[in-house]
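Notes follow the structure.
These numbers come from a predicted model, not from an experiment.
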Amino acid sequence: MKKMLIELLVIFVLLSSFFDVSANPATKKERSNNIPARGFWIIKEMTTNKQLVTVLYYNNENHLIRKETRSKRYADTSRKKVVRSLKRSLVEAIDWTKPI
């Protein structure tokens, strides 16, 4: 009986180490670092030139605040560097359009 209890305890410890049992979302890595708090961007592929894309920046009120053309390579959102660049451009555009 004691041996079976120890085996169950070992199995429980091993299984709990494989699964994230913490209920606190602050312990998990959050994606909020890459999600802008103010506004958003939309990437549209150009119909005339497939190597270029148009990036449209909007504020929270859905007003277009900036429009720029980028190479498709510099608009690949799977790359962290590109996402940081898009976020930085969005923040600059929002700060530029803010009334003083």
For this session: May I have all residue pairs that pass salt bridge (Lys or Arg N to Asp or Glu O under 4.0 Å) and include part of residues 45-55, sequence neighbours excluded?
Result: Glu45-Lys50, Glu45-Lys72
For this session: Mark yes or no for whether Ser89, through its side chain, and Ser85, through its backbone, hold a donor-acceptor pair below 3.5 Å.
Result: yes
For this session: Would you name the heavy atoms of Val82 and Arg73 that are closest together and state the gap between them?
Result: CG2-O, 4.2 Å
Problem set entry | Residue pairs passing the salt bridge (Lys or Arg N to Asp or Glu O under 4.0 Å) test where at least one lies in residues 52-65, sequence neighbours excluded | none
For this session: Report yes if the side chains of Glu92 and Arg66 come closer than 4.5 Å at any heavy-atom pair, otherwise no.
Result: yes
Exercise. Any idea which heavy atoms bring Leu52 and Ser71 closest together, and the distance?
Worked result: CD2-CA, 4.0 Å
Problem set entry | Heavy-atom check, side chain of Thr69 versus side chain of Met46, under 4.5 Å | yes
Exercise. Just wondering, do Asn59 and Phe40 contact through their side chains at under 4.5 Å, heavy atoms?
Worked result: no
Seminar exercise, completed: CG (Leu56) and CG (Leu90) are apart, to the nearest 0.5 Å, by 11.5 Å
Exercise. With Glu68, which residues qualify under side-chain hydrogen bond (donor to acceptor under 3.5 Å, both in side chains), at least two apart?
Worked result: Tyr57, Arg70
For this session: Could I get the full list of side chain to side chain contact (heavy atoms under 4.5 Å, CB included) partners for Ile43, not counting sequence neighbours?
Result: Trp41, Val53, Val55, Ala75, Thr77, Leu86
Exercise. Residues two or more places apart in sequence or in another chain: which of them pass side chain to side chain contact (heavy atoms under 4.5 Å, CB included) with Asp76?
Worked result: Ser78, Arg79
Problem set entry | Apart from Tyr74 itself, residues in the same hydrophobic cluster as defined by side-chain heavy atoms under 4.5 Å | none
Problem set entry | Min side-chain heavy-atom separation Arg88-Val83 under 4.5 Å | no
